[in-house]
Amino acid sequence: MSRLFEPLQIGELRLANRIVIAPMCQYSADEGSATDWHLIHLGHLALSGAAMLIVEATAVSAEGRITPADLGLYSDANEAALARVLGAVRAHSPIKLAMQLAHAGRKASSRAPWQGGAQIRLGEPGSWRAVAPSAVPHIAGEDAPMALDAAGLQQIRDDFARAARRADRLGLEALEIHAAHGYLLHQFLSPIANKRDDAYGGSLENRMRFPLEIFDVVRAAFAASRPVWARISATDWVPGGWDIDGTVALSKALQARGCAAIHVSSGGVSPQQKIPVGPGYQVPFARRVKAEVGLPTIAVGLITDPEQAEAIVAGGEADAVSLARAMLYDPRWPWHAAARLGARVEAPRQYWRSQPREFKDLFENANFGAR
Ligand SMILES: Cc1cc2nc3c(=O)[nH]c(=O)nc-3n(C[C@H](O)[C@H](O)[C@H](O)COP(=O)(O)O)c2cc1C
């Protein structure tokens with residue numbers, strides 16, 4: 001019996017298996033609004049057999065976007081565009097839909113990766129002044145962000161709450177708060193980006209304060225029956241930066257506030273990072289969070305092989321795995337994993353006839369005939 005294909009409970013959310021599609025920015029929105037690309041992209045991933053799809057980093061305000069083409073959920077038009085896309089996905093797939101709520105902080109006003117990914121300098125078309133815990137740029141020589149004052153912090157709390165209410169109306173089944181990869185909430189956590197000397201900087205407790213406040217407002221704005229969790233960078237991969245001990249402390253603090261899971265990633269706050277990239281390189285962090293905190297834990301990062309994913313879950317290193325690039329490369333990865341592991345997976349009835357002869361029992365409920 002495959003453990004990867006056993007159901008998983010996150011709060012009141014039941015996942016059919018332990019395969020999650022990681023959030024992936026598409027840089028294809030129009031003033032924050034989802035486009036036909038999102039319908040195609042999310043639509044095809046929704047047919048994959050994964051239990052849950054986490055919609056890409058979705059900005060809670062226009063200034064919280066990484067690039068001008070980021071997805072957002074800060075206007076009625078954004079909400080309506082997502083309603084169309086999510087409605088179409090729902091009509092044809094049982095996949096559970098979560099969304100990652102995000103604010104880019106000092107990494108805002110960037111170009112899309114295929115345009116080089118650099119900062120759009122102030123004064124250039126499409127640029128805007130980023131905000132951050134401190135007026136320290138991500139890379140030396142870049143335009144510095146504006147340090148957030150009390151009114152700015154309140155604005156961001158309100159933006160997260162409003163976006164969470166919109167997500168609630170859209171019927172999203174879960175929310176993930178983006179506190180990883182060097183974006184705003186991670187900037188508060190990391191002493192590399194946070195140089196504040198008020199209640200939001202300095203000690204670990206102070207650096208965790210704003211991310212925890214954001215968790216509270218999002219949790220309060222989203223249906224109590226549906227889970228909210230956080231994606232955290234477990235380490236900055238820079239000496240003196242944010243680390244796994246902080247991650248465990250933050251996870252415990254989140255747990256005490258009703259956080260339903262932890263999605264364990266790493267890096268992103270500093271160009272000085274030295275990441276020992278390799279298969280499953282972030283899994284040991286997930287293992288530690290799971291062992292010391294006990295919340296459902298999602299591991300991510302170069303999990304590409306079904307047996308590898310099975311071993312992570314069966315070995316108790318994490319409760320679920322999330323895949324990003326492997327799902328783009330092979331959008332039927334969960335089908336192929338089920339075939340390899342002798343498990344069953346849900347597929348759309350329109351595709352049932354594709355079931356290979358050697359895997360006669362692969363698709364749940366499949367039956368087809370003809371005159
Ligand atoms: C195209 C692309 C877009 C991404 N966008 C996001 C995002 O919106 N939010 C996020 O937390 N991580 C994002 N990531 C990181 C992935 O979610 C994932 O953590 C990372 O790619 C490592 O997993 P993998 O080895 O399975 O690709 C993105 C990655 C890719 C490849």
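One-based numbering, in listed order, for ligands and for the atoms of each.
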Worksheet item: Cation-pi between R65 and W128: NZ/CZ under 6.0 Å from ring centre and within 45° of the ring axis?
Response: yes

Worksheet item: Regarding R157 and the six-membered ring of F160, is the cationic atom NZ or CZ under 6.0 Å from the ring centre and inside 45° of its axis?
Response: no

Practice prompt. Report yes if R325 has an N/O atom closer than 3.5 Å to an N/O atom of ligand 1; otherwise report no.
Written response: yes

Worksheet item: Quick one: nearest non-hydrogen protein atom to atom 29 (C) of ligand 1, plus distance?
Response: M24 CG, 4.0 Å

Response to the item:
Taken in chain and number order and not counting sequence neighbours, the residues that satisfy salt bridge (charged side-chain N to carboxylate O under 4.0 Å, His left out) with R84 are D36

Worksheet item: So is R231 polar-close to ligand 1, meaning N/O to N/O under 3.5 Å?
Response: yes

Worksheet entry | Contact check: A22 vs ligand 1, nitrogen or oxygen atoms, below 3.5 angstrom | no

Discussion item. Below 3.5 Å, N or O to N or O, backbone or side chain included: is there any such pair between A324 and ligand 1?
Written reply: yes

Discussion item. In terms of relative ring orientation, are H41 and W37 parallel, tilted or perpendicular, with 30° and 60° separating the classes?
Written reply: parallel

Response to the item:
Contact region, H181 to ligand 1, non-hydrogen atoms below 4.0 Å, reads side chain

Practice prompt. Look at atom 1 (C) of ligand 1 and say which protein heavy atom is nearest, naming residue and atom and giving the distance to 0.1 Å.
Written response: C25 O, 4.0 Å

Worksheet item: What atoms of ligand 1 come within less than 4.0 Å of a heavy atom belonging to Q100?
Response: 7 (C), 8 (O), 9 (N), 10 (C), 11 (O)

Item to complete: Compute the minimum heavy-atom distance from A326 to ligand 1 and say whether it is under 4.0 Å.
Response: no

Worksheet entry | Identity and distance of the protein heavy atom lying nearest atom 14 (N) of ligand 1 | P23 O, 3.5 Å

Worksheet entry | Atom indices of ligand 1 within 4.0 angstrom of G301 heavy atoms, with elements | 22 (C), 23 (O), 25 (O)

Worksheet item: So is R332 actually on top of W335's ring, under 6.0 Å and inside 45° of the axis?
Response: yes

Worksheet item: Any nitrogen or oxygen of L323, main chain or side chain, under 3.5 Å from a nitrogen or oxygen of ligand 1?
Response: no

Discussion item. Under a 4.0 Å threshold between the charged nitrogen and the carboxylate oxygen, would E124 count as salt-bridged to R111?
Written reply: yes

Worksheet item: Does the N or O separation between H178 and ligand 1 drop below 3.5 Å for any pair?
Response: yes

Worksheet item: Do the ring centers of W237 and F285 come within less than 6.0 Å of each other?
Response: yes

Worksheet item: Which side chain to side chain donor-acceptor pair (under 3.5 Å) pairs, counting each pair once, include a residue from residues 52-61, with sequence neighbours left out?
Response: H38-E56

Worksheet entry | Parallel, tilted or perpendicular, as decided by the 30° and 60° cut-offs, for the rings of F210 and Y200 | perpendicular

